[in-house]
Amino acid sequence: MTERQLTYLDAIAEGLMVEMERDPDVLVIGNDVGGSFGGAFKVTKRVAEKFGDRRVRNMPMTELGFVGAANGMALMGLRPVIEVQFADFISTAFDSIVQYAATTHYRWGAAVPWVVRAPSDGGIRSGPFHSQNPEAWFVHTPGLKVVAPATPADAKGLLIAAIRDNNPVIYFESKPLYRSLKGPVSEGDAAVPIGVAAVALSGDDLTIVSYGSTVHDSLQAATELAREGIMVEIVDLRSLKPLDMDTVLTSVEKTGRALVVHAANRMTGVGAEVASRIGEEGFGFLDAPVRRLGGLDVPVPFSPPLEDAYRVGPADIVAAARDLMQW
Amino acid sequence: MTERQLTYLDAIAEGLMVEMERDPDVLVIGNDVGGSFGGAFKVTKRVAEKFGDRRVRNMPMTELGFVGAANGMALMGLRPVIEVQFADFISTAFDSIVQYAATTHYRWGAAVPWVVRAPSDGGIRSGPFHSQNPEAWFVHTPGLKVVAPATPADAKGLLIAAIRDNNPVIYFESKPLYRSLKGPVSEGDAAVPIGVAAVALSGDDLTIVSYGSTVHDSLQAATELAREGIMVEIVDLRSLKPLDMDTVLTSVEKTGRALVVHAANRMTGVGAEVASRIGEEGFGFLDAPVRRLGGLDVPVPFSPPLEDAYRVGPADIVAAARDLMQW
Amino acid sequence: MTEALEPAAKLDLAYWMRLTRTLDDAIVAMWKQGRGVGGTFSGKGHEAIAVGAGYALGEDDVVAPMHRDLGCYLVRGMAPERIVANQLGKAMGVTSGRDANLHGLGDLSLNILGFVSHLPQSMPAALGAAMAFQYRDEPRIALTFVGDGSSNTGLFHETLNLAAVQKAPFVVVVENNQYAYSTPLGQQMAIEDIVVRADAHGVHGEIIDGNDVAAVYRAVAAAAARARRGEGPSLIEAKTMRMLGHAIHDGAEYVPRELLAEWEARDPVVSWETKLVGEGLISEEMLSRLHAECREEVEMAIEQAEKAPLPDPDTVGAGVYAP
Amino acid sequence: MTEALEPAAKLDLAYWMRLTRTLDDAIVAMWKQGRGVGGTFSGKGHEAIAVGAGYALGEDDVVAPMHRDLGCYLVRGMAPERIVANQLGKAMGVTSGRDANLHGLGDLSLNILGFVSHLPQSMPAALGAAMAFQYRDEPRIALTFVGDGSSNTGLFHETLNLAAVQKAPFVVVVENNQYAYSTPLGQQMAIEDIVVRADAHGVHGEIIDGNDVAAVYRAVAAAAARARRGEGPSLIEAKTMRMLGHAIHDGAEYVPRELLAEWEARDPVVSWETKLVGEGLISEEMLSRLHAECREEVEMAIEQAEKAPLPDPDTVGAGVYAP
Ligand SMILES: Cc1ncc(C[n+]2csc(CCOP(=O)(O)OP(=O)(O)O)c2C)c(N)n1
Ligand SMILES: Cc1ncc(C[n+]2csc(CCOP(=O)(O)OP(=O)(O)O)c2C)c(N)n1
Ligand SMILES: [Mg+2]
Ligand SMILES: [Mg+2]
């Protein structure tokens, strides 16, 4: 039996529909998500057609306010799935997320079960305000969960898990993967647990830890490195908060070398947390320094040669891996 | 000649007044900063008395709007010094800082020379919304500068430098140091350059990298460790963006051991960047893993036993240092 | 929950306002005596608003009080000892020592949403509750309070606009107490009446005397009824005065003493009691007894809270996430 | 800069509007032909607002246009080739390849503040410029534009309130084009006219026909004069229609075709030209020549921009910080 293949985008939509079917408390809010339009990227188009205006609701362009309202809905037991049109605009809703949603359960014990879907990532010539990868702000903030699927199966499965989770979960989806990536996706309930990394490729020489679109850059690099006899193991974090360091450390114990790669700005990014934990907890395993690759400490530039220079690509990964193998 | 001693708070006020005297383009805006009141912590009280309502202006409680207005003032060549009443409320102004101020010079070449003064840090039973240390959000964001003085001399000197800098600078002052800490402060122009760390204590056995109030916890721990024969070197970062890794690495090269300490939440904090850069760039120097101490991954709790359990203190530093010396 | 007040209800309001004032005074005294932890807020002058609005709601309605609304927590059923214990950081406090003073006093079993510092985040949260009721077709409404200072914030406007466009069963009471911390109205805004901000969003608006508990009750009950009938949100501007400093450490030297004296003469608690005595609903003697009862209740609450243990430091990491 | 339009000024406005339309059409065509990079925005329908407002300002005044205001950049002196080059990510573009489409088109030598995506961040920035003029006692004003969608945001309100309380020399033009992306007014707000939001802050407000460039010019010139006299900020609601999709990829199937047809009949560029012909200010022949001139100017700009080199990737890290 050949497995059913879905695009990354369709997998997100399917995950959403599975949960909306199952649970009448799940509803979608955001800018332009509803009606005949169905979202800037059309992720909710079929969802809106199927579930209508009551459950897929257009909001005025007031992210702080409508995420704030989602806090109240969630406190009453609804499970809003909020689309911010681009991950870049999540900063507009910052207080509602980091101050209200993140702290409420710790402060007075009430659950805030919502999901923010944030279409992130660049490489598609969208400039500084439509290409950001702002996950580190939220991974640093106590009380949130953060996931970032790299495959269609995880896109569906982590969205289902995020909706079922009783906490605020930020779900970073990668725009460049929407239609370019297809993969096998199980029908029906196919939740992927939050907090569990996956080994995307097995190998003995070097561990690459990554998530989101750079998992695919890493896979591409691994193919090239394999030709040179360097067998890479790729750990796809999938969840950024909580972080599954066990899977990472198990891999580094085997390989003795680690490279952490993400599309987000490198400085004080999630990679810094991962690399310093490998350094702290896996010190005895290491034959070489833990290297990090990430976006430059620069706003994401628009022009193709600049954006290409800004972004991590397979060639950077190959070079860093070769370098680490010299140790 | 005995050196003049000022409190940390008076040193901030003096730095502000030196610049306001020198440059008519410097003005102060914020909530309750002006009139006879002079700010929630009275940092601007003497400033308001001296310079009056034109140059020390009360704003409505609309941080996003008035930091946004500061962007425009700065574009016209003014140098607003903005007080957010507590660092915790800087999240309310997030877009005006991370999207507008941080990106403007890169995008169209116009300078945005302002300073946000953010009274941060806890330990004084103020609860989850008046005790935060949110610097990592800004250190991760390209285009900003971030400083965090630990001494009265640096409080004055870094504020002067921040005001003269042609970029948006976030200046994290530590509330628990306001009146509890006194130290020598030079009169007049005593700028401290941004981007240069200081060695707060020399020692050969272990490097502690810290900033803000935990520099003092580290000094206290060092005294105790010295009794056991462990001679600690303390690097006070002072600037968090740009980071002076040269000073850090020079120290670690000497000691072979590093402990990074800050009051902010540990996870994906500034310490993660510092520790992973030590691991990357100082791998050959290390006789032990780089350890990090920071706030738990929890909102800052209010009740004394909980806040004490949450915060890093001298005892934690002593224990971690001892442990590192076992390697 | 009609809009006219029965005699029993009038007495109820007198009790809740007096209890509020007594507890407020006691907390201020404790903090001045050094028996407090951290800072605290007084809602002196706000009793009619907090109590009147809380009393006008149905049991199933949700309320998100703010930092001057001690009376609303009480009238909605939160035990005073849990409030005092919270302010002292005790394990039995509403937040088990996690949140400070009047922050975080949320309890879903009482339909109360906890307060959060970042003003006015309770506004969209309460709106979200109202939208949930609408979504589920439940006959419940949500109410929240907001200060004059907070009425300048963007979030105030985003919330009212969203409430209006969704026609949500939502009521906002503005506690216009003339100041935001040290900043008087004239430095905050260029308008006379905050109620004009309702018109900016198509929200029903009215102004009331915030020191008259009956006026508060009537306005809120009417707004709640309109909301329940599906006629959308209301904004009620209650004019009052913050009678003490912004928080316990603030002597409010910036407030003209004459202004305070003027409002002192219109004290909401005393004037309501005087009125009931005048109407013959309560005798001077019964009133003294009421005062004594309130004092006793407050003393017991404080005693219980002070005696209660602090939280175990080992629990610091518990409860960040919901299971 | 009086409020009445001289014949020469009327012809100027015709030229700038036609140039704007020609450039806008050409950019749309380029992108449809696959000659663009990333996305782009059309301001078709907004020419009278963008040009009329820009033309009413003094040289020293500051303006912060938004993504539909191509005409404002042009009338304020930004060369079309720099704009096209920016959209193509070329080194000679206003942002040297750093910002996309109509974002970041700032140039302080032209007193233009660049656009930023997070709406409406240009509002407080322009207000800050106005506050700087006031601080320095300079007779300059600042103007910015905002959409109907953005008028719902908190930042819109925070800016107007601050402008009013500071009595800043500040003018806001609302480009009410009936839609925010796919969302019609009725799903965004419960009010009929956005101008009521001026009253929420004590700001002078008025409604104008956004397709009548003379009306835009008169209203903005009057507001600028008031601001310069120290009489504070104004908000002008210009009603118009977004004639194409939100951005280049959007076919705007959600907009009723009759609505478009209705507004098409009131095209701001064509109707102004027709009026000038009717007034005898310009002959049909001169008008054809004007059109041809505009086409030529646009073609040359596009040619220059297309030929220009892309930035050197090694410059990616340059310019993050001001020296
Ligand atoms: C976003 C935000 N900024 C600043 C503060 C600090 N602060 C707490 S209360 C207050 C004044 C609030 O005034 P108002 O809304 O009128 O309420 P009042 O205290 O007068 O009842 C300020 C500035 C805050 N809580 N939230
Ligand atoms: C804070 C924010 N959220 C979302 C967006 C995405 N977005 C770009 S333009 C737009 C619609 C804006 O509508 P309006 O203000 O009416 O301007 P128009 O495009 O109609 O001229 C949206 C939702 C944004 N730019 N900023
Ligand atoms: Mg007030
Ligand atoms: Mg619009």
Side-chain angles (χ1 to χ4, degrees), chain B residues 24-27 29 53-55 57-80 82 92-114 141-145 165-169 194-195 241-242, chain D residues 62 64 86 93-96 98-100 103-108 111-136 138 140 142 144 153-166 168 170 316-323:
Chain B
D25 285 336
V26 179
L27 76 166
I29 65 172
D53 286 351
R54 178 171 167 272
R55 296 189 65 191
R57 297 194 179 191
N58 280 352
M59 294 283 122
M61 195 185 65
T62 54
E63 288 86 351
L64 187 67
F66 69 68
V67 178
N71 287 334
M73 293 180 199
L75 284 169
M76 294 298 109
L78 297 185
R79 292 180 180 266
I82 307 147
T92 309
F94 208 57
D95 264 357
S96 298
I97 297 171
V98 303
Q99 304 292 359
Y100 199 107
T103 66
T104 294
H105 194 267
Y106 188 67
R107 295 188 299 121
W108 54 281
V112 184
W114 56 233
T141 303
L144 300 172
K145 296 191 179 181
D165 198 284
N166 288 327
N167 295 282
V169 182
I194 294 177
K241 191 182 184 92
Chain D
V62 157
N86 200 71
V94 182
T95 70
S96 318
R98 282 157 167 72
D99 210 345
H103 291 77
L105 298 183
D107 185 336
L108 288 181
N111 287 317
I112 298 175
L113 305 188
F115 180 63
V116 57
S117 228
H118 290 68
L119 289 166
Q121 277 283 339
S122 285
M123 275 186 75
L127 168 60
M131 287 168 70
F133 304 149
Q134 195 182 35
Y135 180 84
R136 289 174 166 156
E138 293 173 350
R140 303 163 71 185
T144 191
T153 65
L155 191 51
F156 170 93
H157 290 280
E158 293 192 359
T159 303
L160 288 184
N161 181 61
L162 183 56
V165 81
Q166 301 276 328
F170 180 56
V316 65
V320 176
Y321 293 107

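All values below were derived from every heavy atom in this structure, side-chain atoms included, with hydrogens, water molecules and symmetry-related copies excluded. Nothing here was measured: the structure is a model prediction, and the numbers come from that model. Numbers restart at 1 for each chain; the letters A, B, ... are given by sequence-line order, proteins then strands.
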Measure [X] against the heavy atoms of chain B and call it side chain, backbone, both or neither at under 4.5 Å.
{"X": "D:Ile112", "answer": "backbone"}
{"X": "D:Ala318", "answer": "backbone"}
{"X": "D:Asn86", "answer": "neither"}
{"X": "D:Val165", "answer": "side chain"}
{"X": "D:Phe156", "answer": "neither"}
{"X": "D:Tyr135", "answer": "both"}

If you round to the nearest 0.5 Å, how far is CE of B:Met76 from CZ of D:Arg140?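 Rounded to the nearest 0.5 Å, the CZ-CE separation comes out at 6.5 Å.
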
Hey, what do you get for OG1 (B:Thr104) to CG (D:Leu113), rounding to the nearest 0.5 Å? 9.0 Å

Distance-minimising heavy-atom pair for [X] and [Y]:
{"X": "B:Arg107", "Y": "D:Phe115", "value": "NH1-O, 2.9 Å"}
{"X": "D:Arg98", "Y": "B:Tyr106", "value": "CD-O, 2.7 Å"}
{"X": "D:Pro124", "Y": "B:Gly65", "value": "CB-O, 3.6 Å"}
{"X": "B:His105", "Y": "D:Gly319", "value": "ND1-O, 2.8 Å"}

Given the options [options], which has more heavy-atom pairs under 4.5 Å with chain B than any of the others?
{"options": "D:Gln134, D:His103, D:Arg136", "value": "D:Arg136"}
{"options": "D:Ala163, D:Ser96, D:Gly114", "value": "D:Gly114"}
{"options": "D:His118, D:His157, D:Met123", "value": "D:His118"}

Region of B:Pro80 that comes under 4.5 Å of a non-hydrogen atom in chain D: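 For B:Pro80, there is no contact with chain D at all, as no heavy atom is under 4.5 Å.
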
Would you say [X] and [Y] make side-chain contact, with heavy atoms under 4.5 Å?
{"X": "B:Leu78", "Y": "D:Met131", "value": "no"}
{"X": "D:Leu162", "Y": "B:Phe66", "value": "yes"}
{"X": "D:Gln166", "Y": "B:Met59", "value": "yes"}

side-chain contact (heavy atoms from CB on, under 4.5 Å) with B:Trp108: which of D:Asp107, D:Val116, D:Leu108, D:Leu105? D:Leu108

Would you mind telling me which of B:Leu27, B:Asn166, B:Asn71, B:Leu64 has the largest number of heavy-atom pairs within less than 4.5 Å of chain D?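 When all of B:Leu27, B:Asn166, B:Asn71, B:Leu64 are compared, B:Leu64 has the most.
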
Which residue out of B:Ser96, B:Ala110, B:Ala74 racks up the most heavy-atom pairs below 4.5 Å with chain D? B:Ser96

Side-chain donor or acceptor of D:Tyr321 paired with backbone N/O of B:Ala111 under 3.5 Å: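 Here the side-chain-to-backbone pair does not exist.
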
